> 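Here's a structure for you.
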Amino acid sequence: MSEKPLRVLVAKPGLDGHDRGAKIIARALRDAGMEVIYSGLRQSPEQIVNAALQEDVHCIGLSILSGAHNVILPRITALLREKQLDDVLVVAGGIIPDPDIPRLKACGIAEIFLPGTSTQTIIEYIKENCSGQ
Amino acid sequence: MGRTPTGQTRLNKSKRRWEEETLAPSWKRFPPRLPEFTSISGHPIQALYAPDDLEGFDPEQELGFPGEPPYTRGIHPGMYRGRLWTMRQFSGFGTARDTNQRFLYLLRQGQTGLSVAFDLPTLMGLDSDHPTASGEIGKCGVAVDTLADMEVLFRDIDLEAISTSMTINCPAAVIWAMFLAHAEKSGFSWARLRGTLQNDILKEYIAQKEWIYPPHPSMRLVTDTIAFAAQNVPNWNSVSISGYHIREAGSTALQELAFTLRDGIEYVETAIRAGLEVDDFAPRLSFFFNAHNDFFEEIAKYRAARKVWHRVMKERFGCKDSRSSMLRFHAQTAGCSLTAQQPHNNIVRTSIQALAAILGGTQSLHTNSMDETYALPTEQAATIALRSQQILATESEVANTVDPLAGSYFVEKLTLELEKGCWEYFEKIDAMGGMVAAIERCYPQKEILDAAYRYQQAVERGEKVIVGVNRFVVDEEQPIDTLAIESGVADKQLDSLRRVKANRDGTAVRRSLAELRRAAATDENLMPFLLSCVKAYATLGEVCEEMKQVFGTYEEPVF
């Protein structure tokens with residue numbers, strides 16, 4: 001019997017259009033056997049949280065390179081709490097300066113993956129930390 | 001090169017002898033380090049290039065002389081002996097006042113051209129008070145909402161003495177109208193303005209992904225600016241046809257070259273269809289390429305670009321003016337090659353990339369700062385980046401002679417291979433019905449994503465090396481200082497936008513916007529209408545929204 005595959009929403013908040021990272025991660029997670037939903041560009045926190053709810057995902061991967069992470073990411077985690085989606089694992093990646101990381105983790109982002117992280121590291125992290133299985 | 005057949009046969013024979021008698025035994029002692037050697041783009045590279053690789057190569061035909069067709073060796077006869085490339089650092093952050101200060105600082109440090117980075121709301125044609133602008137104001141560039149911001153941005157800058165490049169695409173026509181309005185109000189003559197509008201919407205659909213309208217009305221806006229520049233701002237580069245973002249999105253060097261030049265063809269065809277004469281506008285089309293890590297591949301790419309563009313303009317479009325077929329370009333070092341790990345190493349990467357752009361004959365150059373995988377550059381990092389160019393220009397002596405790598409068997413062979421690959425891509429895209437049609441079926445987008453994924457996998461298998469990431473890694477990274485945009489920036493910007501809106505003549509704004517909407521539904525050139533709107537201090541967002549009512553919006557097909 002095979003296990004039910006992990007469902008991951010790869011989402012792109014912020015106004016930037018840099019989707020190379022998001023698309024590579026989406027493909028790598030798919031190749032690793034996960035079910036991946038890619039949100040498309042410039043999604044608002046509300047759109048992302050609604051998609052997570054509708055798609056019943058175990059994990060949300062947020063890719064943001066616009067510099068607006070300190071404003072946008074906490075809004076997403078707050079909305080998730082509001083909708084009682086606290087058990088969804090939220091990870092993020094992009095252009096994020098070190099001093100911002102503790103604040104983001106405190107608001108519920110489980111892990112921040114910086115440039116240079118291998119897709120394998122991300123796959124393993126998600127597999128180990130997803131509670132939804 | 002260009003040897004008689006007998007001479008060539010003799011050389012081929014000598015090479016075979018060398019391979020068997022000298023090279024083969026040496027592999028026993030020092031076997032090849034890798035099973036196969038490839039460029040960073042995955043293109044196979046031989047152990048040695050020799051005359052037989054250039055059989056039938058006629059230097060007269062393939063290279064010519066600098067400043068003469070096919071311009072392989074450069075567009076200026078004396079290249080950097082006469083005038084160095086323009087050192088143009090892309091910069092912008094916070095409010096117009098903050099960026100104006102950075103511009104004046106860079107000019108005092110010896111920078112020779114300006115290049116404006118706008119923030120994301122501006123790049124998307126949104127005002128700072130739009131809900132989605134929250135958190136983004138002044139973050140990755142300068143916020144410009146109205147002509148009032150443009151006036152502050154260029155305060156104390158002589159626009160006739162210095163050239164200005166603006167990285168702006170979907171709302172390019174509106175931002176350019178603000179720039180022209182400011183120039184006019186300050187007493188500068190449009191005829192003497194020099195600068196560049198990026199204005200390359202095709203590569204937005206392909207790679208950078210900042211768009212508002214669907215491709216056809218977007219192309220109409222580009223054509224309007226091309227026509228307006230040709231008539232009114234004759235020294236202005238109306239489009240900077242950009243491969244930079246295509247490469248950053250993960251393309252190979254060949255894809256960057258081919259998609260960019262094919263975009264160029266699309267702009268020329270569209271302008272001709274709109275009734276323009278090719279030689280009236282083609283001399284003001286310029287190009288913008290990436291300078292990545294693979295030193296020789298990059299040099300060959302720039303040389304191939306000039307050669308192919310010359311042939312395209314002559315044969316496909318029958319241009320008569322020699323300037324129409326001369327490919328002028330700006331280069332920027334590869335942001336995507338920089339690492340967050342051991343960030344000081346980025347200074348070295350950037351210097352190597354800058355050297356490739358110089359040896360490839362660039363007209364202007366931006367060198368990235370070492371801290372850009374974290375944030376916009378600090379003043380110190382931006383200064384080191386500029387100094388790297390200045391060291392190359394003045395200490396390395398590389399600018400003393402024109403196209404120093406010409407005649408290298410390797411560089412010439414790579415140039416020929418890239419050229420050939422480029423024509424093959426043109427054929428495919430032509431068969432699809434052109435670049436807009438290819439974009440609508442996501443052809444270039446998929447090609448780039450596949451290349452990006454292949455490269456990522458090669459890195460993860462350790463086949464392609466990134467120092468500090470998959471080789472020579474340290475356990476403890478030393479943190480560096482980064483630039484933080486103060487949270488007060490957004491409040492200041494919102495305040496000044498409120499003030500502009502309160503003090504402008506509301507009737508004039510409404511009238512000019514209504515006129516714009518009427519004209520947008522016809523095929524009149526929209527530049528005069530945009531000028532009226534911005535002079536009345538209509539905001540960028542109001543103007544873009546007005547056109548949206550006529551043009552609609554674009555959504556990327558799923559692929």
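Chain letters run A, B, ... following the sequence lines, proteins first, then strands; residues in each count from 1. Because the structure is predicted, anything quoted here is derived from the model rather than measured.
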> Does B:Gln380, at its CD atom, have more than 12 non-hydrogen atoms belonging to other residues, nucleotides or ligands within less than 6.0 Å?
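Incorrect, the count does not exceed 12.
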> Mind checking the CD-OG1 spacing from A:Gln43 to B:Thr132? Nearest 0.5 Å is all I need.
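A:Gln43 CD to B:Thr132 OG1: 12.0 Å, rounded to 0.5 Å.
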> Can you tell me if CG on B:Asp481 sees more than 12 non-hydrogen neighbours from other groups inside 6.0 Å?
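Counting neighbours around CG of B:Asp481, 12 or fewer heavy atoms of other residues, nucleotides or ligands fall under 6.0 Å, so no.
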> For the interface with chain A, which of B:Ala249, B:Gly141, B:Ala484 has the highest count of heavy-atom pairs at distances below 4.5 Å?
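Option with the greatest count: B:Ala249.
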> Where does A:Ser66 contact chain B at under 4.5 Å (heavy atoms): side chain, backbone, both or neither?
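For A:Ser66, the contact with chain B is made by backbone and side chain together.
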> Looking only at heavy atoms, what is the nearest atom pair of A:Arg20 and B:Ala452, with distance?
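A:Arg20 and B:Ala452 have their closest heavy atoms at NE-CB, 4.0 Å.
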> Going through the distances and angles, do A:Thr119 and B:Gln456 end up as a side chain to side chain donor-acceptor pair (under 3.5 Å)?
CA-CA 8 Å; A:Thr119 56; B:Gln456 180 64 29; 5.0 Å; no
> Do B:Ser134 and A:Arg75 meet the criterion of a side-chain donor-acceptor pair at a distance under 3.5 Å?
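Yes, because at least one side-chain N or O of B:Ser134 sits under 3.5 Å from a partner of the opposite role on A:Arg75.
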> Given a strict heavy-atom distance threshold of 4.5 Å, which part of A:Asn70 is in contact with chain B: side chain, backbone, both, or neither?
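Neither part, no heavy atoms under 4.5 Å.
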> To the nearest 0.5 angstrom, please state how far the CZ atom of A:Arg42 sits from the CD atom of B:Glu210.
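It is 6.5 Å, given to the nearest 0.5 Å.
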> If I measure from the heavy atoms of chain A, does B:Tyr455 come under 4.5 Å with its side chain, its backbone, both, or neither?
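It is the side chain, since no backbone atom gets that close.
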> Under 6.0 Å from the CZ atom of B:Arg471, do we count more than 12 heavy atoms belonging to anything else shown?
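Open: at most 12 neighbouring heavy atoms sit under 6.0 Å from CZ of B:Arg471.
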> Nearest 0.5 Å, please: how far is CG in B:Leu449 from CD1 in A:Ile24?
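Here the rounded value is 6.5 Å.
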> Count the heavy atoms belonging to other residues, nucleotides or ligands that lie under 6.0 Å from CZ of B:Arg441, then report whether that count exceeds 12.
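Not buried by this count: 12 neighbours or fewer within 6.0 Å.
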> Under 4.5 Å between any side-chain heavy atoms of A:Ile95 and B:Tyr374, yes or no?
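SC-SC contact between A:Ile95 and B:Tyr374 ruled out.
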> Are more than 12 heavy atoms from other residues, nucleotides or ligands located less than 6.0 Å from atom NZ of A:Lys83?
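At most 12 heavy atoms, drawn from other residues, nucleotides or ligands, come within 6.0 Å of this atom.
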> Check whether B:Ile448 gets within reach of chain A through its side chain, its backbone, both or neither, counting any heavy atom under 4.5 Å.
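Neither part.
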> Relative to chain B, which of A:Gly14, A:Ser44, A:Gly67 shows the most heavy atom pairs under 4.5 Å?
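Going by pairs under 4.5 Å, I would pick A:Gly67.
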> Where does B:Pro121 contact chain A at under 4.5 Å (heavy atoms): side chain, backbone, both or neither?
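For B:Pro121, backbone and side chain are both near chain A.
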> So B:Cys140 and A:Asp16, do their side chains get closer than 4.5 Å, heavy atoms only?
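Counting from C-beta outward, A:Asp16 and B:Cys140 never come under 4.5 Å.
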> Roughly how far, to the nearest 0.5 Å, is the CD1 atom of A:Ile96 from the OG1 atom of B:Thr482?
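Between atom OG1 of B:Thr482 and atom CD1 of A:Ile96 there are 12.5 Å.
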> Salt bridge (Lys or Arg N to Asp or Glu O under 4.0 Å), that's the test. Do B:Asp450 and A:Arg27 meet it? Break it down for me.
CA-CA 10 Å; B:Asp450 287 345; A:Arg27 191 182 281 194; 2.9 Å; yes
> Among B:Glu477, B:Lys139, B:Glu460, B:Glu204, which residue has the highest count of heavy-atom pairs closer than 4.5 Å to chain A?
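If we count pairs closer than 4.5 Å to chain A, B:Glu460 comes out on top.
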> Taking the side chain as every heavy atom from C-beta outward, state whether B:Gln341 and A:Pro115 have any atom pair closer than 4.5 Å.
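The answer is no; the side chains never approach within 4.5 Å.
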> Looking at every heavy atom in both A:Leu15 and B:Ala133, which two are closest together, and how far apart are they?
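Answer, listing the atom of A:Leu15 first, then B:Ala133: CD1-CA, 4.4 Å.
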